[in-house]
K.L.:
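Handing you a structure now.
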Protein chains: 2
Amino acid sequence: MAENAADRGTTSGGRPTARPDLAAMVVPLGRALMAAEQPVLDAHGLTMWAYTVLLYLDETPVRTQAALAEAIRADKTRIIAVLDDLEARELIRRQPDPEDRRVRLLSLTTEGRRLRDAAQAAIQEGEERLLSRLPAADRAGFLRSLHTLSGLPELTARKPGRGPSRT
Amino acid sequence: MAENAADRGTTSGGRPTARPDLAAMVVPLGRALMAAEQPVLDAHGLTMWAYTVLLYLDETPVRTQAALAEAIRADKTRIIAVLDDLEARELIRRQPDPEDRRVRLLSLTTEGRRLRDAAQAAIQEGEERLLSRLPAADRAGFLRSLHTLSGLPELTARKPGRGPSRT
DNA sequence: TATTGTTATACTCTATAACTATA
DNA sequence: TATAGTTATAGAGTATAACAATA
């Protein structure tokens, strides 16, 4: 999607374009933000998927692994190893539902919540440094626009999606 | 990287967060924008990589394939099939450099330029529809911020990168 | 010997299919 | 028979290594 166009307001040949393609700016920015998260997650012993799970589980238990997978746009088979690890480290609980023993009830442990909060705080601290480079007026519009566009239904249409991995 | 946090200003458990992680909004937005480009590119018979190449080649010839690959953050082996196809369709020229016959000089053909312009016009038309959903004031700040952040050196640090594919 | 482009191979991540256990 | 979870297999996409041509 023509990432490089991001650096140019005009093409290398001088043909004037009103602006680079939106995706050509947004996608590389997203990659950069993920790359910036990586060392923080490493320091907390979390993969991107694990962090995603911790963020989503939050204080509210989730009734099935399939529901969790759907919610975070992952394949249900893809999160199993992640849950195995998080459970082994006692960051989440995975208890069989007494009412339907096929189901595993998922919830955060205190330690899981603590780790998630610590990781998120560190991540957002780094993001603040980036946002501080923006004029205050632009920054507000940027965040509001991100929120708006992220929530647009025509952009949120469900597809499996590659998920958080960023090899 | 916790895409879902994008839909929430607060977590499901009620813990108030100032905002979702930046990456949790930007990355899904980037995926959505790429997905929106896809049908347009299909209609023009272009893959995302091919479009990226056409955008970069522009009117200015590039001296080596390796330089092109580096510029668009692709592996040099990855673009060969793309160049093969574009050349076969006479959208680009790939001529051995008389001064160093190891080198292939790359340039756009007239038809290649025409196709690129048509595709980009259609893509940006679709993007305008999205941007029109934003308040005029926010929109300006959004685009300016995107430009600024995309150009930030600490975010542009070169890494191979997965490139434009979005399976 | 070093470099450009190419081909062949291996690796990573993801999705699909097959299996177990509960219902 | 249908569903939740799991395991095993296969498929994309990418990177690495080996190669041919030219310098």
Side-chain angles (χ1 to χ4, degrees), chain A residues 1 3 27 31 34-35 38 41 47-53 57 61-88 92-107 158-167, chain B residues 1 3 27 31 34-35 38 41 47-53 57 61-88 92-107 158-167:
Chain A
M1 70 25 292
E3 324 196 353
V27 172
R31 288 217 184 90
M34 285 213 296
Q38 198 52 49
L41 293 177
T47 64
M48 197 72 73
W49 278 114
Y51 179 56
T52 304
V53 167
L57 275 188
V62 170
R63 233 190 75 80
T64 74
Q65 295 183 188
L68 171 63
E70 158 83 16
I72 65 177
R73 278 165 141 144
D75 191 278
K76 66 172 181 173
T77 65
R78 219 154 47 171
I79 59 172
I80 291 181
V82 177
L83 297 177
D84 287 347
D85 177 62
L86 290 175
E87 184 186 24
I92 65 168
R93 273 178 299 266
R94 182 157 57 160
Q95 303 155 320
D97 183 345
E99 307 206 347
D100 181 347
R101 298 216 309 280
R102 294 174 301 184
V103 170
R104 306 275 176 277
L105 298 171
L106 303 172
S107 58
R158 290 289 163 186
K159 279 166 307 168
R162 168 121 67 187
S165 89
R166 75 231 136 299
T167 296
Chain B
M1 76 18 299
E3 323 199 352
V27 172
R31 289 216 184 91
M34 285 212 297
Q38 198 52 49
L41 293 177
T47 64
M48 196 72 72
W49 278 114
Y51 178 58
T52 304
V53 167
L57 276 188
V62 170
R63 231 189 78 79
T64 74
Q65 295 182 187
L68 171 63
E70 157 85 15
I72 65 177
R73 279 164 141 143
D75 190 278
K76 67 172 180 174
T77 64
R78 218 154 49 169
I79 60 173
I80 291 181
V82 177
L83 296 177
D84 286 347
D85 176 64
L86 289 174
E87 185 186 24
I92 66 168
R93 273 179 298 265
R94 180 156 60 159
Q95 304 155 319
D97 183 345
E99 308 204 348
D100 181 346
R101 299 216 310 280
R102 293 173 302 182
V103 170
R104 307 277 176 274
L105 298 171
L106 303 171
S107 57
R158 291 289 165 187
K159 281 167 307 168
R162 169 121 68 185
S165 88
R166 78 225 130 302
T167 297

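Bear in mind that the values here come from a model prediction, so they are computed numbers and not experimental data. Chain identifiers are assigned alphabetically (A, B, ...) following the order of the sequence lines, protein sequences preceding nucleic acid strands; residue numbering begins at 1 within each chain.
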K.L.:
What residues form a salt bridge (charged side-chain N to carboxylate O under 4.0 Å, His left out) with A/R101, not counting sequence neighbours?
P.N.:
none
K.L.:
A/L83 has an atom CG; how far is it from atom P of D/dT7, in whole Å?
P.N.:
12 Å
K.L.:
With a 4.5 Å heavy-atom cut-off, do A/M34 and A/M48 have their side chains touching?
P.N.:
yes
K.L.:
How far apart are the C-alpha atoms of A/L83 and A/L68, what are their side-chain angles, what is the distance that settles it, and do they pass the side chain to side chain contact (heavy atoms under 4.5 Å, CB included) test?
P.N.:
CA-CA 11 Å; A/L83 297 177; A/L68 171 63; 4.1 Å; yes
K.L.:
Could you check how far CG of A/D75 sits from P of D/dG5, rounded to whole Å?
P.N.:
13 Å
K.L.:
Name the closest nucleotide to the A/Q65 side chain, picking from D/dT6, D/dT14, C/dG5.
P.N.:
D/dT6
K.L.:
Roughly, in whole Å, what's the span from CG in B/L68 to C1' in C/dG5?
P.N.:
13 Å
K.L.:
Which residues in residues 99-107 of chain B have at least one heavy atom lying under 4.0 Å from any atom of DNA chain D?
P.N.:
B/D100, B/R101, B/R102
K.L.:
Let me test you: for the helix from C/dT1-D/dA23 to C/dA23-D/dT1, what is the angle between the axes at its two ends (five pairs each), rounded to 10 degrees?
P.N.:
30°
K.L.:
Restricting to side chain to side chain contact (heavy atoms under 4.5 Å, CB included), what partner residues turn up for B/A81, sequence neighbours left out?
P.N.:
none
K.L.:
What is the distance from CG of A/D85 to C1' of D/dT6, rounded to the nearest Å?
P.N.:
17 Å
K.L.:
What is the distance, rounded to the nearest whole Å, between atom CZ of A/R63 and atom P of D/dA4?
P.N.:
9 Å
K.L.:
Which residues satisfy the side chain to side chain contact (heavy atoms under 4.5 Å, CB included) test with B/D97, sequence neighbours excluded?
P.N.:
B/R63, B/E99, B/V103, B/L105
K.L.:
Within the structure, does a side-chain N or O atom of A/R94 lie under 4.0 Å from either OP1 or OP2 of D/dT6?
P.N.:
yes
K.L.:
Given atom CD1 of B/I80 and atom C1' of D/dA21, what is their separation to the nearest angstrom?
P.N.:
14 Å
K.L.:
Calculate the interatomic distance between A/R78 atom CZ and D/dA4 atom C1'; express it in whole Å.
P.N.:
18 Å
K.L.:
Tell me every residue that passes side chain to side chain contact (heavy atoms under 4.5 Å, CB included) with A/A67, counting only those two or more places apart in sequence or in another chain.
P.N.:
A/V62, A/T64
K.L.:
Rounded to whole Å, how long is the line connecting atom CD1 of B/I72 with atom C1' of D/dT14?
P.N.:
14 Å
K.L.:
Out of curiosity, B/T52 OG1 to B/L41 CG, how far, rounded to the nearest 0.5 Å?
P.N.:
8.5 Å
K.L.:
Can you sort out the partners of B/R94 under salt bridge (charged side-chain N to carboxylate O under 4.0 Å, His left out), two or more places apart, ordered by chain and number?
P.N.:
B/D84, B/E87
K.L.:
Mind checking what makes side chain to side chain contact (heavy atoms under 4.5 Å, CB included) contact with B/S107, not counting sequence neighbours?
P.N.:
B/P61, B/R93
K.L.:
In terms of the nearest nucleotide of DNA chain C, which residue is placed more toward the 5' end: A/K76 or A/P98?
P.N.:
A/K76
